[in-house]
Every structure is written in structure tokens, then in C-alpha cells.
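Have a look at the structure below before the remarks.
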Amino acid sequence: MSINVDEMLENELSAPKRLKIGINSTIANPDVTRHIMKAFNLRASKRLGQNFLVDANIVRGIVEAAGAKPGDRILEIGPGIGTLTQGLAESGADVTAVELDKKLPAVLAETLAGYDNVTVVPGDILKVDIPSLMGNQPFKVAANLPYYITTPILMALLEQHLPISVLVTMVQKEVALRMIAGPGSKTYGALSVAVQYYTRPHIAFDVPPKSFIPAPEVDSVVIVCEVREKPAVAVRDEKMFFRVVKAAFGQRRKTIMNAMKGAGFDKEHLEAAFAACGLDASRRGESFSLNEFAILADALL
Ligand code: SAM
């Protein structure tokens with residue numbers, strides 16, 4: 001494993017006793033995880049959304065859902081102590097893992113010592129320059145995401161039009177249900193539209209709280225989002241499309257006309273656009289399909 005880090009020098013960790021963790025130990029195990037945490041004096045940080053996987057079957061499931069294989073390049077977000085990273089590395093793929101917690105690169109240097117196909121990059125995934133990190137060749141994303149910033153991370157990855165082929169991520173079940181929801185459903189919202197605009201999402205499997213240390217208070221699932229070659233609907237201006245979507249769901253109990261007026265769209269401009277495209281302005285935004293949002297956005301240009 002390589003670590004391209006000056007920041008590691010800042011690390012306060014004193015060198016741990018040599019761990020009996022190596023290429024033959026599976027980190028996704030409660031005893032091994034406790035052992036690593038104890039050896040490095042680690043406490044799972046709630047603030048950083050740290051819930052470490054301890055179930056090897058779940059790790060295997062994520063690796064399989066990603067179709068990880070030799071020759072693949074995988075961006076992992078938040079490797080933690082290396083649990084999922086190890087499974088991904090075992091597939092033969094090249095793994096680049098971005099971790100925010102400054103204490104963890106030193107831990108990963110030890111837990112993943114046997115793998116020369118892993119690079120750990122210290123930093124915040126929302127600030128890292130992903131194009132310069134991953135280049136312009138296709139890559140996959142795999143992550144057990146920190147739940148406190150799931151949506152911003154997903155949106156940042158999707159909006160950048162990166163050459164991602166598939167995103168396989170552990171998320172809160174409630175978030176996954178929002179990602180796959182369709183028009184008319186209570187959970188349908190701006191996140192559903194954005195995810196379905198860029199990808200084809202499906203839930204791969206459920207993950208119970210006991211698969212983590214510490215156990216989260218919510219149910220989790222692994223969701224697979226296959227990134228579309230072209231967005232699901234053609235729009236003339238993506239910015240306008242998402243402005244409309246955001247406005248429509250901003251006040252979801254109002255008619256789309258009132259919600260959009262409330263978001264600052266001009267009344268006369270809206271009336272002309274609705275008249276021109278034939279969509280009913282008295283419907284609620286939550287009943288609009290992606291295609292209808294696209295038609296409305298184009299009519300507003
Ligand atoms: N991958 C490990 C596993 O499956 O056991 C850890 C998953 S834990 C749910 C989330 C990880 O994301 C933690 O290691 C946390 O420190 C890291 N993290 C939190 N915010 C981050 C950010 N903005 N950028 C990169 N990593 C982050």
C-alpha cells in the first residue's frame with residue numbers, strides 16, 4: 001500500500017505494536033476490528049459517521065455488486081480501518097481510498113500492509129480534486145458512506161460528470177428508498193430525480209445494524225447505481241432542469257406554480273411556459289416525472 005501524505009507526519013499516533021493483521025486476516029470480523037481499534041487506541045467517531053463493517057459476507061456482497069476485478073480502478077470513500085478496502089483489493093482491482101480522519105492513514109498502512117494495489121489519500125471527498133486523482137479513464141466507486149453526508153457526496157460525484165461506470169454504496173435504507181422512488185410516492189424528491197437522471201439505481205441487499213461496530217440506529221442497504229451513458233432525459237440546460245426540480249420540491253404541498261413562484265420564478269414567465277408546454281400548473285411537483293420536469297425546464301428557457 002502507498003500513502004501520498006505529508007499530513008501523515010502530523011499524525012499524533014505513536015507507532016503501534018506490530019499487529020498480527022496481514023494479508024491472511026480478514027478485517028471484516030468483530031474480533032479483528034476490536035483488536036485493531038484497541039491496538040491503535042481508536043474510538044469510532046460519531047461526527048465522522050464511523051460505523052465499521054464486521055461482516056465478511058457484506059464486504060463480499062459489495063465487491064461482487066461492484067463486479068470488482070483485476071484491471072478495474074476503484075475509488076473508495078472513507079476506508080476507515082480498511083475493511084471494505086481489503087475486499088476490493090483482494091479482487092485484484094487498483095483501489096484509491098480517500099479518508100478524512102487524519103488518524104487512519106497510519107492504521108491503514110498497517111492493516112493493508114500486504115497490498116500494493118491500494119493507495120490511501122488523506123482528505124475530504126467533497127474537497128479532493130477527483131479528476132486529477134482518478135484521471136479520465138472509467139472507474140468505479142465503492143463505499144460504506146458516512147451517513148451524515150451521504151446526499152452531498154452522491155450529488156457531488158454525479159454532478160461532476162466523472163467517468164464513473166458504477167457506484168456501489170452502503171446507505172441508510174431510508175435514503176435508498178428516496179433514491180429509487182417514483183412520482184406520486186411520499187419519498188419521491190429532488191434526490192430521486194437527480195439519481196435517476198444520472199443513473200439506474202437498484203437496491204442490492206439489506207444490511208442489519210449488527211453488521212457494524214458500533215451498530216447504527218438505522219437500517220442500511222447496499223445500493224447499486226449504474227451510471228447512464230446519457231442522462232435519462234434530454235434537457236437543453238441542466239442548471240435550469242435542477243433549478244425547476246429544486247423549486248418544485250421546495251414546497252411540496254403547494255401546486256408546482258406556487259412552489260416555483262415561491263422560489264423566485266417570475267409569474268408571467270411561468271404562465272407562458274406552462275401554456276406553451278401544456279403541463280397543468282395546478283398539479284404538485286411531486287407528481288411530475290423526469291420527462292415532465294425536462295419539458296417544463298426547456299419551456300422556461
Ligand atoms: N469503509 C469502512 C468500513 O466499511 O468499515 C468505514 C466506513 S465508515 C461508515 C465511513 C468512513 O468515512 C469513516 O472512516 C470516516 O472517517 C470517513 N469519512 C467521513 N467523512 C468523510 C469525508 N468527507 N471524506 C472522506 N472520508 C470521510
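One-based numbering, in listed order, for ligands and for the atoms of each.
- Using modelled atom types and a 3.5 Å distance limit, the side chains of Ser220 and Tyr147 yield a donor-acceptor pair.
- A cation-pi arrangement, defined by a distance under 6.0 Å to the six-membered ring centre and an angle within 45 degrees of its axis, is absent between Arg47 and Tyr148.
- Contacts of Phe274 classified as ring-ring contact (aromatic ring centres under 6.0 Å, His included), with partners at least two apart in sequence or in another chain: none.
- Going from atom CG of Asn136 over to atom CG of Leu162 covers 11.0 Å, rounded to the nearest 0.5 Å.
- Protein residues are said to neighbour a ligand when one of their heavy atoms lies under 4.0 Å from it; for ligand 1 these are Leu48, Gly49, Gln50, Asn51, Phe52, Leu53, Glu76, Gly78, Pro79, Gly80, Thr83, Val98, Glu99, Leu100, Asp101, Leu104, Gly123, Asp124, Ile125, Asn144, Leu145, Pro146, Tyr148, Ile149.
- When atom types are taken as modelled, the side chain of Thr33 and the backbone of Pro30 share no donor-acceptor pair closer than 3.5 angstrom.
- Ring geometry, Phe293 versus Phe249: the interplanar angle falls from 30° to 60°, so the pair is classed tilted.
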